[in-house]
**Q** 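The structure is given below, and queries will be raised subsequently.
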Protein chains: 2
Amino acid sequence: MLPLMPVTMMDIAKDLKVSVVTVSKVLRNQGRISDATRKRVLSHAKKLNYQMNWVARSLVTRRTYTIGLLLPEFAHPFFAEIARAVANSVRPHGYHVVIASFEEDPDLEASEVDSLLARQVDGLIIASAQASRHVEMFKRVAARKIPYVLIDRPISGLRACFVGADNRAIGRMATAHLIARGCRCIAHLRGPQVGIAAERLEGYRGALRNAGLRYDSRYVVDAGHTDATGYEGMRKLLHLKPLPDGVFCYNDPVAISAMRAIREAGLQLPRDIAVVGAGNVHYNDALSVPLTSVDQGTCKIGTLAAELLLARVSSDRGLRPKRILIPPKLVERESTRR
Amino acid sequence: MLPLMPVTMMDIAKDLKVSVVTVSKVLRNQGRISDATRKRVLSHAKKLNYQMNWVARSLVTRRTYTIGLLLPEFAHPFFAEIARAVANSVRPHGYHVVIASFEEDPDLEASEVDSLLARQVDGLIIASAQASRHVEMFKRVAARKIPYVLIDRPISGLRACFVGADNRAIGRMATAHLIARGCRCIAHLRGPQVGIAAERLEGYRGALRNAGLRYDSRYVVDAGHTDATGYEGMRKLLHLKPLPDGVFCYNDPVAISAMRAIREAGLQLPRDIAVVGAGNVHYNDALSVPLTSVDQGTCKIGTLAAELLLARVSSDRGLRPKRILIPPKLVERESTRR
DNA sequence: TCTTCAAGGGTTAACGATTAATCAAATGCA
DNA sequence: TGCATTTGATTAATCGTTAACCCTTGAAGA
């Protein structure tokens, strides 16, 4: 017969005619308790199927063993992967993850941060939309002494922990790879974001410069970040006079639709045009022409962010902000093999 | 100057020389409070940047406004989409979501359920691995009067709420569509799971029967659920004497790798063999031959599960279990257009 | 014999809110 | 004026655990 109300320490204590504190001590393995009572308590707790009430414990210890994970959206494979990595990294330490997404809405982001703080999370991991007023918001978080780690999108003007991809390196690596495969006229389908896309573009320009190739702005086209706009972007590139022989695409979805545009134009892939994406999504292998892509170490971002955060959570003295850039890794497939 | 310790109702009360209860009442908009004090409290709360301590409130109200979402893994786009739908559905009601994944490990699943209960979640949404001992586990949950909703994978022998795809209908619809497109020898790349895959197979057989076509077990091959095994499965089918002219694939990743195998065999798609997948993942449009797929209404599963759960959470009388099957929808693309 | 100390517990008071019961002052009505 | 009623706020109890201290008892050492 299981009771309707959850079993409390009080119930165990009453049955065993000991004090609640004794039960608490046994369950925490703390304080001096004889082996006899320890065993009695333990066995009776198991018998009653006792489950700690974490709400009550948290109230007095001021630790919820909960961290907040705030993402722009988590249907996106990139963020889903991060969520997974974070959850798996903190679980062994007894932490749980409260997720929240703000659907790219900065106001919602701010309000969710407050909600998570109200729920007394021990720490926060945030992939923030970079609105200027957010600096204030983060200062509020810091004032409450709640450690937080930014991921993916850094925020300028904020001395905070950050873990993200090395976007310059990604651009450099992708472009250098095309050059190494013999491309001499390399286009770039860039993304819309200010920060990340700009850095990848910089990497692209850097690689061109290093190879002594000329940068021509006509070969850089904004591709949005949806499949449709990537397709359109590629079609624009196909109108250019010296046809590009290589394209570095801001991300994999764009690269995939770019490849479609290339094929439809009657061109051979990768012979006529080689394509590199970024993100290394898991279905790249299954494409008709498997896509070479720069892996941005998504899983590592989640794992490192979690570890960084837990370190701050358990240390009571404020460690100084740490910035980690994950070095990218090129995964070569058919789309550049020539 | 923001204080280091979080502001409590006590702080507000002291400053204003009123009782904590008065503050509490104002903040909850409950009880009789004069307009004058109400305004004083409200403005001072805002000035001190007061944030409700939900842990303390939860302890006394026995409501955490938190639900647990337990998934096999959430990097998978299907589950990621569900997580998103759930979180977005419960947010307007003031709920947050604690996610946990058990990485397809039944033991971990059971222990996570207990952890979530210990954290006093108000309800649970679970896509369970169907181990037999889990029936006991769910009885424990029910004994604690915590409402829960199963999704995606029903558990036999359990009178519980369930929301999932109508797998029989999926199989029937996909197969019927191939028949309507003129296929007469239809193969099936089936999945490994007992429940879901078996139902889709049943639907497949049902559609054949309805059309007066013969069922031949040689044309049903297990495809695992990874891309690699799907590829192998299709190659087996290509060895059969009357070559199949249509394939219903258990899910989209399998379908994609099957298409690759077909192309590599020098066959035309969809002229020689038409392919239908299931799941309707978002990149289907970007493939070289866009994939016809049966949409299983993933988003709806999450939304309905959330609504169902919240209804049980707020009603104190035990509503009786409800089972919802989402009717599938066929999304036709090139892979069957002939 | 007296002190000291450790072992094995128990007591009391938080933690930050809510709920129920209570109370004083102001108001209504005859 | 006098009594009942409403209004507005207070006090006490509680939620389930933990932190900090205090109290026995028995044995060892002086």
Side-chain angles (χ1 to χ4, degrees), chain A residues 3-42 45 48-66 94 117-122 144 316, chain B residues 3-42 44-45 48-66 94 117-122 144-145 316:
Chain A
L4 272 75
M5 288 299 282
V7 184
T8 69
M9 290 192 178
M10 180 79 122
D11 299 322
I12 300 180
K14 266 187 186 153
D15 290 359
L16 264 41
K17 300 199 196 310
V18 296
S19 78
V20 189
V21 178
T22 304
V23 177
S24 170
K25 282 178 179 166
V26 169
L27 262 28
R28 278 176 299 146
N29 234 339
Q30 231 209 51
R32 285 189 263 283
I33 303 290
S34 72
D35 241 38
T37 28
R38 152 166 283 113
K39 274 185 186 141
R40 287 204 310 146
V41 169
L42 251 32
L48 294 187
N49 202 345
Y50 170 76
Q51 290 266 124
M52 166 78 114
N53 185 328
W54 269 88
V55 170
R57 162 181 277 203
S58 297
L59 184 58
V60 43
T61 60
R62 294 152 178 290
R63 275 295 214 59
T64 55
Y65 279 85
T66 286
L117 289 183
R119 282 173 186 287
Q120 314 295 117
V121 294
D122 292 341
R144 288 249 323 227
D316 21 43
Chain B
L4 272 73
M5 287 301 280
V7 183
T8 70
M9 290 190 176
M10 180 77 125
D11 299 324
I12 300 180
K14 266 185 186 157
D15 290 0
L16 264 43
K17 299 198 198 309
V18 295
S19 77
V20 191
V21 178
T22 304
V23 177
S24 169
K25 282 180 177 163
V26 169
L27 263 29
R28 276 176 301 145
N29 234 339
Q30 227 209 54
R32 299 181 201 300
I33 302 289
S34 71
D35 241 39
T37 34
R38 152 165 283 115
K39 274 186 186 139
R40 286 204 311 147
V41 169
L42 251 31
H44 200 244
L48 295 188
N49 201 343
Y50 172 76
Q51 290 267 122
M52 166 76 114
N53 183 328
W54 270 87
V55 170
R57 163 181 276 200
S58 297
L59 183 58
V60 43
T61 60
R62 293 154 178 288
R63 276 294 214 61
T64 55
Y65 279 86
T66 285
L117 289 184
R119 284 175 184 286
Q120 313 295 117
V121 294
D122 292 341
R144 287 248 325 225
K145 298 260 181 205
D316 22 41

**Q** Stems in DNA chain C: runs of 3 or more consecutive Watson-Crick or G-U pairs, distances under 3.5 Å?
**A** C:1-30 with D:1-30
**Q** Write down the distance between CZ (B/R38) and C1' (D/dA9), rounded to a whole number of angstrom.
**A**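 Distance check: B/R38 CZ to D/dA9 C1' gives 13 Å.
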**Q** Closest to the B/Q30 side chain: C/dG16, C/dT19, D/dT11?
**A**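 Per side-chain heavy atoms of B/Q30, the pick is C/dT19.
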**Q** At under 4.0 Å between heavy atoms, what does B/T61 touch on the DNA or RNA strands: base, sugar-phosphate, or nothing?
**A** sugar-phosphate
**Q** Going through the checks in order, is the side-chain contact (heavy atoms from CB on, under 4.5 Å) test met by B/N49 and B/V7?
**A** CA-CA 7 Å; B/N49 201 343; B/V7 183; 5.7 Å; no
**Q** Using a 3.5 Å distance criterion without hydrogens, assess whether the side chain of B/D11 forms a donor-acceptor pair with backbone atoms of B/T8.
**A** yes
**Q** Between C/dG8 and A/K25, counting only base atoms on the nucleotide and side-chain atoms on the residue, is there a donor-acceptor pair under 3.5 Å?
**A** no
**Q** Taking all heavy atoms of A/V26 and all of A/R38, pick out the closest pair and write down the distance.
**A** CG1-O, 3.9 Å
**Q** Could you run through nucleotides 22-28 of chain D and give me one letter per nucleotide, 5' to 3': B if any protein heavy atom sits under 4.0 Å from the base, S if only the sugar-phosphate is that close, - if neither?
**A** -------
**Q** What I'd like to find out is whether the side chain of B/Q120 reaches to under 4.5 Å of the side chain of B/R144, using heavy atoms alone.
**A**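 SC-SC contact between B/Q120 and B/R144 confirmed.
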**Q** With respect to the side chain of B/T22, which nucleotide from C/dG16, C/dT11, D/dT10 is positioned closest?
**A** D/dT10
**Q** In the structure I gave you, are the side-chain heavy atoms of B/L27 and B/M9 within less than 4.5 Å of one another anywhere?
**A**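 B/L27 reaches B/M9 side chain to side chain.
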**Q** Over how many whole Å does the gap from B/K14 atom NZ to C/dG16 atom P extend?
**A**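 It works out to 11 Å between those atoms.
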**Q** Grab the CD1-P distance between A/I33 and C/dA6 for me, whole Å please.
**A**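 In whole Å, C/dA6 P lies 18 Å from A/I33 CD1.
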**Q** Just to be sure I understand the rule, does A/S34 reach a base, reach only the sugar-phosphate, or reach nothing, if contact means heavy atoms closer than 4.0 Å?
**A**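 It contacts sugar-phosphate atoms only.
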**Q** Compare every heavy atom of B/H44 with every heavy atom of B/D15, then report the nearest pair and how far apart it is.
**A**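 Result for this residue pair: OD2-CE1, 2.8 Å.
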**Q** Nearest to the side chain of B/T8 - D/dT18, C/dG16, D/dG8?
**A**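 From the listed options, C/dG16 comes nearest.
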**Q** Answer yes or no: is there a side-chain heavy-atom contact under 4.5 Å between B/K17 and B/R40?
**A**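 No, too far: nothing below the 4.5 Å cut-off.
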**Q** Rounded to the nearest angstrom, tell me the gap between atom NZ in A/K39 and atom P in C/dG8.
**A**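 From A/K39 NZ to C/dG8 P: 13 Å.
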**Q** Atom NZ of A/K17 to atom P of C/dG10: distance rounded to whole Å?
**A**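 Distance check: A/K17 NZ to C/dG10 P gives 13 Å.
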**Q** Compare the minimum distances between each of C/dT18, C/dT11, D/dT17 and the side chain of A/V21, then state the nucleotide with the smallest one.
**A**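 The nucleotide sitting nearest to the side chain is C/dT11.
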**Q** Using the rule side-chain hydrogen bond (donor to acceptor under 3.5 Å, both in side chains), only one of A/N53, A/T64, A/T66 pairs with B/R119; which is it?
**A**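 Among A/N53, A/T64, A/T66, the one that satisfies the side-chain hydrogen bond (donor to acceptor under 3.5 Å, both in side chains) with B/R119 is A/T66.
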**Q** Heavy-atom contacts under 4.0 Å between residues 50-60 of chain B and DNA chain D, which residues?
**A**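 Heavy-atom contacts with DNA chain D come from B/L59, B/V60.
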